[in-house]
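Numbered from 1 within each chain, the chains take letters A, B, ... in sequence-line order.
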2 protein chains.
Amino acid sequence: MNPTRRPRADGRRNRERLLAEADVMFRERGVGAPLDGVARRAGVAIGTLYGHFPDRRALLGALLRDRNEALFIAGEELTSQPPEAALRRWVGLVVEHAATYQGLAAMLADGADDEASELHASCARMTAISEHLVINAVSAGVARPEVTGADVFALMNAGAWTREHVSAEQADRLVGYVIDGMLEARPES
Amino acid sequence: MNPTRRPRADGRRNRERLLAEADVMFRERGVGAPLDGVARRAGVAIGTLYGHFPDRRALLGALLRDRNEALFIAGEELTSQPPEAALRRWVGLVVEHAATYQGLAAMLADGADDEASELHASCARMTAISEHLVINAVSAGVARPEVTGADVFALMNAGAWTREHVSAEQADRLVGYVIDGMLEARPES
DNA sequence: ACCTGAACACCGTTCAAGT
DNA sequence: ACCTGAACACCGTTCAAGT
């Protein structure tokens, strides 16, 4: 009787198939991939896709939900680790995540400002975890005090975007330089 | 008699107007702005735009030609300046340039690989000047020896892209961290 | 409650017909 | 030699009609 408890089985199946095919298409062609292609591959009409997801961002938000959760759990755990290593690991994890699909880094970067975006909450949380890790690093005297969580969030998106244009190795090396620049009073000195 | 020496006056005027309106539209809406809007504002039919510029990249390439030349001259001059300041200044100039239109940084990043792109030659030249400045800095012992001109080119694009999503101040500060990370044996140590 | 697909809008690009 | 604009293709999004 309660529709939230008993969704129609075909509706659930279609939703799952749409998410699975969107993942395939977005990996191949980026987050701008044609949505009618997603629907076709999922074996449903385009209207069905829009029935489940009002627009591209909603589809993307649903697609990332589980992966975001895993990321946040990992980030929270890093909070109790040695600050420099924790910050480097966190940045690495999010860069990898934000580079999953071409164009994702740009959507995340925009999602931070746009409260209407389905990605907004996760962007805010990434920034909050970044801020936490930065505070740890500043408190430990290993990071410049002017660095913010928003800086780290911007850096992670820039790193992911750079991966779309150069090799992962080169992009990650550049990201490493940024973190080096954010840190001071390194161990060996 | 020679068509290259005597282009039709209306053709030349249309070309100029198209470039001027493309500049306006691209500044307002980014390099993906509707081309029929450019044509309409220039007072010509869409076919006229395509007659002068076979595609969006060709239009963009023509639009940037003079600015690129100015940039290269400035870059060459920096080549004989103190290496650290020269590198910082060069990166600042190109970041500013590549942030002129939304989406330009992405086209430049792609233009480096794609020989068919009208932007390829200028990307190659930016990389070459970057390489020159990096070699100067490495020779002077102020930059890590593994840094390349391609790294600096990627950094400049990433910096310009970041400016599309955060304030210029924040983006420039992040760019500064990358350069800090690329440099070592700083004066004060 | 969910699905279908025709319909509309928007825009890139081409090309036959003009001047 | 250059210009015009209709025509086609592609894709996002909506919605009336079905089940």
A.B. asks: Would you say Arg89(A) has more than 12 foreign heavy atoms packed within less than 6.0 Å of its CZ?
C.D. replies: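 Open.
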A.B. asks: Side chains of His97(B) and Asn68(B): do they bring a donor and an acceptor to under 3.5 Å?
C.D. replies: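 Distance-only check passes for His97(B) and Asn68(B).
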A.B. asks: Within the structure shown, what part of the strands sits under 4.0 Å from Gly47(B) by heavy-atom distance: base, sugar-phosphate, or nothing?
C.D. replies: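 Base contact - Gly47(B) has a heavy atom under 4.0 Å of at least one base atom.
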A.B. asks: Within the 4.0 Å heavy-atom criterion, would you say Ala39(B) contacts the bases, only the backbone, or no part of the nucleic acid?
C.D. replies: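 Contact class for Ala39(B): none.
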A.B. asks: Are there over 12 heavy-atom neighbours, none belonging to Arg27(B), within less than 6.0 Å of that residue's CZ?
C.D. replies: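 Counting neighbours around CZ of Arg27(B), more than 12 heavy atoms of other residues, nucleotides or ligands fall under 6.0 Å, so yes.
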A.B. asks: Is Thr48(A) close enough to dC2(C) that one of its side-chain N or O atoms is under 4.0 Å from OP1 or OP2 there?
C.D. replies: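 For dC2(C), neither OP1 nor OP2 has a side-chain N or O of Thr48(A) closer than 4.0 Å.
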A.B. asks: Take atom CZ of Arg57(A) and atom C1' of dT13(D), then tell me their distance rounded to the nearest Å.
C.D. replies: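 For the pair Arg57(A) CZ and dT13(D) C1', the rounded distance is 15 Å.
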A.B. asks: Whom does dC3(C) pair with, Watson-Crick or G-U wobble, provided both distances fall under 3.5 Å?
C.D. replies: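 Partner of dC3(C): none.
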A.B. asks: Find the partner of dA17(D): check Watson-Crick (N1-N3 plus N6-O4 or O6-N4) and G-U wobble (N1-O2, O6-N3) distances, both under 3.5 Å, and reply none if neither fits.
C.D. replies: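 Pairing partner: none.
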A.B. asks: Kindly check if the number of other-residue, nucleotide or ligand heavy atoms within 6.0 Å of CZ (Arg65(A)) is above 12?
C.D. replies: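 Counting neighbours around CZ of Arg65(A), 12 or fewer heavy atoms of other residues, nucleotides or ligands fall under 6.0 Å, so no.
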A.B. asks: Picking from dG5(C), dC3(C), dG12(D), which would you name as closest to the side chain of Asn14(A)?
C.D. replies: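 That would be dC3(C).
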A.B. asks: Return the nearest nucleotide to the side chain of Leu35(A); candidates are dC3(C), dT13(D), dG12(C).
C.D. replies: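 Nearest to the side chain of Leu35(A) among the choices is dT13(D).
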A.B. asks: Would you indicate which nucleotide in dT14(C), dG12(D), dG5(C) comes nearest to any side-chain atom of Tyr50(A)?
C.D. replies: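 Nearest nucleotide to the side chain: dG12(D).
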A.B. asks: Applying the Watson-Crick and G-U wobble criteria at under 3.5 Å, what pairs with dC10(C)? Answer none if nothing qualifies.
C.D. replies: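 dC10(C) is unpaired by these criteria.
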